[in-house]
Student: 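What follows is a structure written as structure tokens; I'll ask about it next.
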Number of protein chains: 2
Amino acid sequence: MSEEKEITIYDIAKHLNISPTTVSRGLKDHPTINIKTRKKIAEAARQLGYRSNTFASSLRSKRTQTLGVIVPRLNSSFMSSVLAGMENAASREGYNLIIAQSLEQADKEMENVLTMFNKRVDGLLVSLAHSSENVRHFDMFFNKKIPVIFFDRVAPHPDSTSIIIDNFTAAYQVTRHLIMQGHKRIMHLGGNMLLNVYSERLRGYKQALQDHKLHFDEKLVITGNLTEECGTDTAKQLLKLKPKDRPEAVFSANDTAAVYCMIALKNAGINIPEDIAFAGFNNDPISRVIEPNLTTVNYPGYNMGQAAVTSLANHLNGDTNITNTNTIVLRSELIIRASSGKRK
Amino acid sequence: MSEEKEITIYDIAKHLNISPTTVSRGLKDHPTINIKTRKKIAEAARQLGYRSNTFASSLRSKRTQTLGVIVPRLNSSFMSSVLAGMENAASREGYNLIIAQSLEQADKEMENVLTMFNKRVDGLLVSLAHSSENVRHFDMFFNKKIPVIFFDRVAPHPDSTSIIIDNFTAAYQVTRHLIMQGHKRIMHLGGNMLLNVYSERLRGYKQALQDHKLHFDEKLVITGNLTEECGTDTAKQLLKLKPKDRPEAVFSANDTAAVYCMIALKNAGINIPEDIAFAGFNNDPISRVIEPNLTTVNYPGYNMGQAAVTSLANHLNGDTNITNTNTIVLRSELIIRASSGKRK
DNA sequence: ATAAAAAATACAACCGATTGTATTTTTTAC
DNA sequence: GTAAAAAATACAATCGGTTGTATTTTTTAT
């Protein structure tokens with residue numbers, strides 16, 4: 001049963017004493033091949049353990065049944081959900097995923113794009129790196145009309161579709177919720193404002209303040225990289241202030257920073273939410289472990305991954321044409337937990 | 001700038017008036033090609049908008065520069081670290097990753113194996129599904145001498161290498177630590193004992209008890225799927241017992257179950273570690289958020305991913321021969337935190 | 001200056017399937 | 001029975017790199 005050598009159509013041809021052409025056509029049920037011959041070929045193929053060589057055939061055809069995925073980092077709770085959803089949909093649609101990470105670096109992202117291009121992926125799914133200031137490195141895809149879908153961290157481009165949540169509205173709702181809970185001086189801890197996700201959240205925050213006649217104070221907006229350290233540092237800043245100068249609530253653009261900020265404040269004896277309320281973004285697992293549990297926005301990563309791949313696959317199958325679709329907005333939801341409770 | 005026709009090495013050759021062979025070798029920095037020629041080729045390639053045709057290349061070289069990865073689930077903290085490490089190493093070694101998840105189902109795993117086989121991956125990296133009772137479905141790889149590396153959830157096989165941590169010793173250390181803290185009746189919350197990782201941890205637990213002259217009580221071993229729910233359920237069981245019958249400490253085979261068990265117990269007014277101490281496994285982010293912080297074992301996922309890919313790549317490059325390597329054991333470490341403190 | 005060694009480049013076969021065209025075989029029509 | 005039409009099969013070029021070996025060019029040694 002051990003097969004040392006790869007079986008080719010030539011082996012089948014020799015075995016049946018017919019030509020390779022007939023075998024090739026027979027294997028794909030070409031109508032000019034006698035039906036009895038086709039049966040014999042199929043039988044021989046199975047018997048000999050033949051498997052088609054996709055490279056040889058792809059040399060001509062164009063499709064690889066492979067999708068490229070480029071993400072900033074693989075190891076975040078959100079991204080791993082996205083990938084799980086993508087893999088699930090891809091598997092269902094008969095595609096494979098080639099995955100690469102940009103590590104937030106624009107040059108690595110460019111490199112990844114090139115690799116995907118050379119690998120002849122049928123389509124590309126991208127969440128942009130921090131340092132990607134434009135999307136010109138995707139032009140090779142656009143020029144060749146290979147579909148590109150941006151998700152989460154997107155950039156507007158006429159030839160591509162974006163899949164996002166409504167960050168503006170989500171942030172608006174978070175902020176409004178905090179306001180409704182009686183908090184007036186609300187701080188926003190945001191990310192890199194060059195990225196749509198963070199700038200939109202800031203915009204939602206501002207709009208909510210304005211709509212509720214609250215003064216927008218520039219000093220209450222801090223931007224950082226939203227890591228653990230960033231959260232801890234923010235806590236340090238807060239602790240330097242006199243208690244009465246401290247904001248009454250903090251709306252962080254992600255859960256990680258919120259949680260580590262909370263931990264540091266709690267260690268300093270500050271009560272949450274009585275002294276300072278908190279809200280985050282993403283609905284990471286840690287948001288349900290921190291005490292008090294963190295109010296946050298559920299970010300449908302799994303669905304986003306599925307949606308992205310499904311759209312792409314439909315486009316490639318010709319079922320729908322994605323070039324007419326500019327943006328797909330997924331539903332997110334505010335999850336209210338104890339951290340955003342009322343003031344004492 | 002729009003390129004209708006694909007540029008090939010023949011076009012570059014003609015353009016520079018040299019042979020296609022030289023172009024081919026020049027493009028991959030073959031040392032026998034003059035460095036000035038290489039530069040000229042690279043320049044011409046960029047100018048003409050050349051992209052390598054991987055099909056043609058794979059057809060001839062029989063190598064796809066692609067590694068297959070099959071994991072139970074993509075969206076866990078540990079697995080996403082592993083993948084990040086794998087991607088990092090793969091990128092460095094010039095390989096791409098095709099990733100699929102088995103969702104813990106043996107039949108899905110078999111399907112994935114077949115896909116990877118037909119995609120002609122150069123090697124396979126696998127963490128086994130819960131329900132995989134044997135590894136016969138990998139025989140097509142073994143027969144063809146395509147290297148397979150198992151990591152984390154492994155099965156012994158003469159033709160493959162396993163990359164693991166020393167689960168036995170790690171569990172031994174956790175248990176010993178709990179004993180040293182003064183805990184005597186220690187419960188073990190374990191996973192599917194058909195999997196090496198969980199059976200080894202149980203073994204380490206037992207051995208530590210024995211070495212410290214503690215009686216092993218079968219009733220103190222519970223097995224489950226180690227999910228949040230499993231943790232919560234375990235807490236319910238514990239709460240049903242009379243306080244004096246409760247174990248003094250719980251050693252859970254992962255952090256998720258430990259943390260959710262702790263949360264449920266805390267909600268019921270039980271103090272940790274004064275009433276019951278806890279220790280987990282994996283060093284998930286949640287272990288540093290739960291209060292008290294969870295004593296656990298740091299599981300070097302990122303390193304494991306890197307090590308797996310690096311070994312595979314070295315083997316494929318012929319640098320080392322992996323068939324002589326049975327097992328690679330990575331260092332793990334006990335991380336002592338407050339949850340395993342002394343009894344009141 | 002010349003032979004030997006090393007470096008650089010070229011030749012040509014090859015990987016395995018596809019496809020337009022040619023050839024052979026079978027069927028149909030008269 | 002024979003020519004024309006239809007069906008079935010075969011030939012040979014092709015896709016675009018790769019690679020062992022041969023050839024040419026350059027460098028080194030004597």
Side-chain angles (χ1 to χ4, degrees), chain A residues 3-42 44-45 48-65 114-115 117-120 144, chain B residues 3-42 44-45 48-66 94 117-122 144 146 316-318:
Chain A
E3 304 145 46
E4 272 313 297
K5 198 184 148 277
E6 210 49 75
I7 302 296
T8 72
I9 56 169
Y10 297 95
D11 298 316
I12 299 178
K14 209 173 295 172
H15 186 253
L16 294 177
N17 205 25
I18 56 179
S19 84
T21 310
T22 307
V23 176
S24 172
R25 295 206 166 107
L27 281 171
K28 27 182 46 190
D29 276 335
H30 198 283
T32 70
I33 304 298
N34 190 308
I35 200 131
K36 288 182 83 174
T37 314
R38 281 188 243 171
K39 286 233 168 92
K40 266 195 297 186
I41 291 169
L48 298 175
Y50 167 81
R51 59 170 174 165
S52 155
N53 185 323
T54 48
F55 309 125
S57 66
S58 289
L59 248 187
R60 298 226 161 153
S61 68
K62 264 285 200 221
R63 297 184 64 164
T64 57
Q65 294 297 321
L114 189 60
T115 306
F117 189 63
N118 287 334
K119 279 270 168 182
R120 305 284 216 272
K144 278 224 184 323
Chain B
E3 306 145 43
E4 273 314 296
K5 198 186 149 278
E6 273 312 325
I7 301 296
T8 73
I9 56 168
Y10 298 93
D11 298 317
I12 298 177
K14 208 174 295 169
H15 185 253
L16 294 177
N17 204 27
I18 56 179
S19 83
T21 310
T22 306
V23 176
S24 172
R25 294 204 165 109
L27 282 171
K28 29 182 42 192
D29 275 334
H30 198 284
T32 71
I33 305 299
N34 190 308
I35 201 133
K36 287 182 87 175
T37 314
R38 280 188 244 171
K39 286 234 168 89
K40 265 195 297 186
I41 291 170
L48 297 175
Y50 167 80
R51 62 168 173 167
S52 144
N53 185 325
T54 50
F55 307 129
S57 159
S58 298
L59 177 57
R60 180 60 221 241
S61 65
K62 305 239 180 187
R63 292 183 68 172
T64 58
Q65 295 298 323
T66 302
F117 188 64
N118 286 333
K119 279 271 167 181
R120 306 282 218 272
V121 296
D122 291 340
K144 279 224 184 323
I146 303 169
L316 291 168
N317 295 337

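All chains are named by letter (A, B, ...) in the order of the sequence lines, taking the proteins before the strands, and each is independently numbered beginning at 1.
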Student: Distance check: side-chain N/O of Ser61(B) vs OP1/OP2 of dT18(D), anything under 4.0 Å?
Tutor: no
Student: Is the shortest heavy-atom distance from the side chain of Val23(B) to the side chain of Leu16(B) under 4.5 Å?
Tutor: no
Student: Rounded off to whole Å, could you give me the CG-to-C1' distance for the Asn53(A) and dG17(D) pair?
Tutor: 14 Å
Student: If you round to the nearest 0.5 Å, how far is CZ of Arg38(A) from CD1 of Ile35(A)?
Tutor: 4.5 Å
Student: Less than 4.5 Å apart, any side-chain heavy atom of Asn53(A) and any of Leu59(B)?
Tutor: yes
Student: Is the phosphate of dG16(C), meaning OP1 or OP2, less than 4.0 Å from a side-chain N or O of Lys62(B)?
Tutor: yes
Student: Contact list please: residues 24-33 of chain B against DNA chain D, heavy atoms, distance less than 4.0 Å, in numerical order.
Tutor: Ser24(B), Arg25(B), Lys28(B)
Student: Do Arg51(A) and Arg120(B) make a side-chain contact, defined as non-hydrogen atoms from C-beta onward lying under 4.5 Å apart?
Tutor: yes
Student: Could you tell me the separation between the NZ atom of Lys14(B) and the P atom of dG17(D), rounded to a whole number of Å?
Tutor: 13 Å
Student: Report which part of the nucleic acid Ser58(B) touches: base, sugar-phosphate, or nothing (heavy-atom distance under 4.0 Å, all strands).
Tutor: nothing
Student: Evaluate the side-chain proximity of Thr54(B) to Phe55(A): yes if any heavy-atom separation is below 4.5 Å, no if none is.
Tutor: no
Student: For Ile9(A) and dC15(C), what is the distance between atoms CD1 and C1' respectively, to the nearest whole Å?
Tutor: 12 Å
Student: Between NE2 of His15(A) and CD1 of Ile9(A), what distance do you get to the nearest 0.5 Å?
Tutor: 15.5 Å
Student: So, does Ser24(B) use its side chain to make a donor-acceptor pair with the main chain of Pro20(B) at under 3.5 Å?
Tutor: no
Student: Using whole Å, report how far CD1 of Ile12(A) lies from P of dG16(C).
Tutor: 12 Å
Student: Nearest whole Å is fine: how far is dT18(C) P from Ile41(A) CD1?
Tutor: 12 Å
Student: Side chain of Tyr50(A), heavy atoms from C-beta onward: which of dA17(C), dA8(C), dG17(D) has the nearest atom to it?
Tutor: dA17(C)
Student: For Leu59(B) and Ile18(B), take the nucleotide of DNA chain C holding the closest heavy atom to each; which residue's nucleotide lies nearer the 5' end?
Tutor: Ile18(B)
Student: CZ of Arg60(B) versus P of dC15(C): gap in Å, rounded?
Tutor: 7 Å
Student: Determine the contact category for Thr54(B): base if any of its heavy atoms lies under 4.0 Å from a base atom, sugar-phosphate if only primed atoms, P, OP1 or OP2 are that close, otherwise nothing.
Tutor: nothing
Student: Can you work out whether Pro20(B) or Ile35(A) has the more 5'-proximal nearest nucleotide on DNA chain D?
Tutor: Ile35(A)
Student: Compare the minimum distances between each of dG16(D), dA17(C), dT9(D) and the side chain of Tyr10(A), then state the nucleotide with the smallest one.
Tutor: dA17(C)
Student: Show which side-chain atoms of residues 25-32 of chain B pair as donor or acceptor with protein atoms under 3.5 Å away, not counting sequence neighbours.
Tutor:
residue	atom	partner	partner atom	Å
His30(B)	ND1	Thr32(B)	N	3.3
His30(B)	ND1	Thr32(B)	OG1	3.1

Student: Is any N or O donor-acceptor pair between the side chain of Thr21(A) and the base of dT19(C) shorter than 3.5 Å?
Tutor: yes
Student: I need the CG-P distance between Leu48(B) and dG16(D), as an integer number of Å.
Tutor: 15 Å
Student: Does Ser19(A) contact dC11(D) through a side-chain donor or acceptor facing the base, at a distance under 3.5 Å?
Tutor: no
Student: When the distance from CZ of Phe55(B) to P of dT18(C) is rounded to whole Å, what number comes out?
Tutor: 13 Å
